[in-house]
Amino acid sequence: MPDSSYLEWPFLDGSHRRLKAELDQWCETSSALLAPAQEHERGKADLDAICRGLVELLGEGGWLVHTVPDMAGDAGQQLDVRSLCLLRETLAYHSGLADFCFAMQGLGSGPVSLFGSTAQKSEWLPGVASGHSIAAFALSEKQAGSDVSAIATRAERDGEHYILNGEKSWISNAGIADFYTVFARTGEAPGSRGLSAFVLAADTPGLSVSERIDTIAPHPLGTLVFENCRVPARQMLGEPGQGFQVAMATLDVFRTTVAAAALGFARRASDETLAHVLRRELFGAPLAELQMTQAAVADMALDIDTSALLVYRSAWAKDGGQQRVTREAAMAKLHATEQAQQVIDRAVQLFGGLGVTSGHVAERLYREIRALRIYEGASEVQKVIIARNEYKRFEK
Ligand SMILES: Cc1cc2nc3c(=O)[nH]c(=O)nc-3n(C[C@H](O)[C@H](O)[C@H](O)COP(=O)(O)OP(=O)(O)OC[C@H]3O[C@@H](n4cnc5c(N)ncnc54)[C@H](O)[C@@H]3O)c2cc1C
């Protein structure tokens, strides 16, 4: 039986507990619709259709409204990060691809939610919330992944427009997105201080998908090319030169949710393992009775609880009004993704041959967790962020 004791922690309130119960219930009743997405054998063409279908399903279920600010609510009302985390954790537990589709709606539209004008929010966010429009976040380039200051895509002012030229790689939802938030060099200052953010419809002339990229846990991913792509200046998000801030503030929110997804994968691995070791007979007794199994199970439980504490601490701090949660989010992402990898590796080991059998849940989780330690800032990058924040406390 899944652990729900953390729902009583003071980071969460009654509305979060209700949300979690409703989503659990929905995932149970929608399991047939979520399950096909877990079959790793599916080809790329099918994968696109599955992802479009999942976005629609999540929209119809009413879950995607949590990926954008409440448009009807108070002006300035932001995303509820604890809800985002609970939703990602729960979706990841049931289906990695459903979590991916949910997450990308939030990440892709995050720069609009956080820095868009009222007109920009009204134009782009309702489709995200309903599932009628698919979002993508285009920051990385082949030579600029961890090093955002190396971004080479340029946006040059031409009257009331900007002309974009360059390439973005490793872009999730490339090919199925209806719009992209894009970061390009506008040159106000050197390095990361000379970037600006834009929002572009996928059918903007001059924007195309040049390649699709296959990964160990497939999802739509590819490279975008901008060739004299003409974008009205009113499609800039925030101010000229504010692009790095837009990207980092968006990642501040969504890094914590990556940690939550890792937590969901780890919880699933742990629950599957517990059921297995209690059932599996070895040397005349359940595998669970061997002390080395108990050590592995204890480590898994500890890794999960420490990750959950960091995830919900970070989300709670953001929701409580802390402007930036860079340190908390970095700690949550670093710890939860690294520990989820460990939890899942132990699960694979305890399943023995079954654990590496294609299509087995442990094998699927083993592939699904890996990229989370790399994207939205690799683990080493999170360590640098944490260390810099530690130094700041002693700097004048
Ligand atoms: C599945 C997937 C989906 C993605 N989706 C998106 C997306 O939707 N939008 C987007 O913009 N990008 C996306 N990315 C790109 C992702 O953000 C980058 O891959 C990531 O930032 C790492 O950049 P890189 O691949 O260029 O690796 P590099 O920057 O070349 O880094 C390679 C390795 O070097 C090490 N390293 C990095 N920095 C340091 C440091 N300071 N000190 C020590 N070691 C270090 C790390 O181990 C790192 O993994 C995605 C990537 C993947 C794998």
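Remember, it's 1-based here, ligands and their atoms both numbered in the order they're listed. Just so it is clear, the values below take in all heavy atoms, side chains as well, and ignore hydrogens, waters and symmetry mates.
Within 4.0 Å of atom 32 (C) of ligand 1, not a single protein heavy atom is present. Distances from atom 12 (N) of ligand 1 to the protein include at least one heavy-atom value under 4.0 Å.
Residue T215 places every heavy atom at 4.0 Å or more from ligand 1. Between H219 and ligand 1 there is a heavy-atom distance shorter than 4.0 Å.
Judged by the 6.0 Å and 45° rule, R268 forms a cation-pi pair with Y93.
Set against the non-hydrogen atoms of I374, the atoms of ligand 1 under 4.0 Å away are 19 (O), 20 (C). Residue-ligand proximity, E376 to ligand 1, at heavy-atom distances under 4.0 Å covers atoms 17 (O). Every atom of ligand 1 is numbered from 1 in the order shown, and the set under 4.0 Å from a heavy atom of F137 is 7 (C), 8 (O), 9 (N), 10 (C), 11 (O). The atoms of ligand 1 that sit less than 4.0 Å from any heavy atom of V381 are 38 (N). Of all atoms in ligand 1, numbered sequentially from 1 with element shown, those under 4.0 Å from a heavy atom of L221 are 3 (C), 4 (C).
One option in A135, A138, P220, S146 has a heavy atom closer to atom 22 (C) of ligand 1 than any other, and that option is S146. Taking only non-hydrogen atoms, the option from A247, G145, A150 nearest to atom 23 (O) of ligand 1 is G145. With atom 15 (C) of ligand 1 as the reference point, the heavy atom nearest to it among S140, S172, G222 is part of S140.
Residue-to-ligand polar distances keep I171 apart from ligand 1: every N/O pair is separated by 3.5 Å or more. Ligand 1 has an N or O atom lying under 3.5 Å from an N or O atom of E380, backbone or side chain. The N/O atoms of W170, backbone and side chain alike, include one that comes under 3.5 Å of an N/O atom in ligand 1.
The proximity of L107 to ligand 1, defined as any non-hydrogen pair under 4.0 Å, does not occur for either the backbone or the side chain. When non-hydrogen atoms are compared, ligand 1 lies under 4.0 Å from the side chain of A378 (C-beta onward) but not from its backbone.
Looking from atom 41 (N) of ligand 1 to the surrounding protein, the closest heavy atom is V384 CG2, 3.8 Å.
A continuous path of Ile, Leu, Val, Met, Phe, Trp and Tyr side chains, each step under 4.5 Å between heavy atoms, connects L64 with L57, placing both in one hydrophobic cluster.
Using modelled atom types, one finds no donor on one side chain facing an acceptor on the other under 3.5 Å when comparing S196 with Q242. A donor and an acceptor atom, one from each side chain of Q235 and Q120, are nowhere located under 3.5 Å apart. Between the side chains of H16 and D13, at least one donor-acceptor pair of N or O atoms lies under 3.5 Å. In this structure, a donor-acceptor pair under 3.5 Å is absent between the side chains of S379 and R373. Side chain to side chain, T256 and S314 meet the donor-acceptor criterion of an N or O pair below 3.5 Å. No side-chain donor-acceptor contact under 3.5 Å links T223 and S210.
Ring geometry, W9 versus Y6: the interplanar angle exceeds 60°, so the pair is classed perpendicular (tilted spans 30 to 60°).
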Practice problem: Please assess Q339 against S307 for the test side chain to side chain donor-acceptor pair (under 3.5 Å), listing each intermediate value before the final yes or no. | Solution: CA-CA 7 Å; Q339 296 320 308; S307 296; over 6 Å; no

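Between R327 and E390 there is a salt bridge, since a side-chain N of the basic residue sits under 4.0 Å from a carboxylate O of the acidic one.
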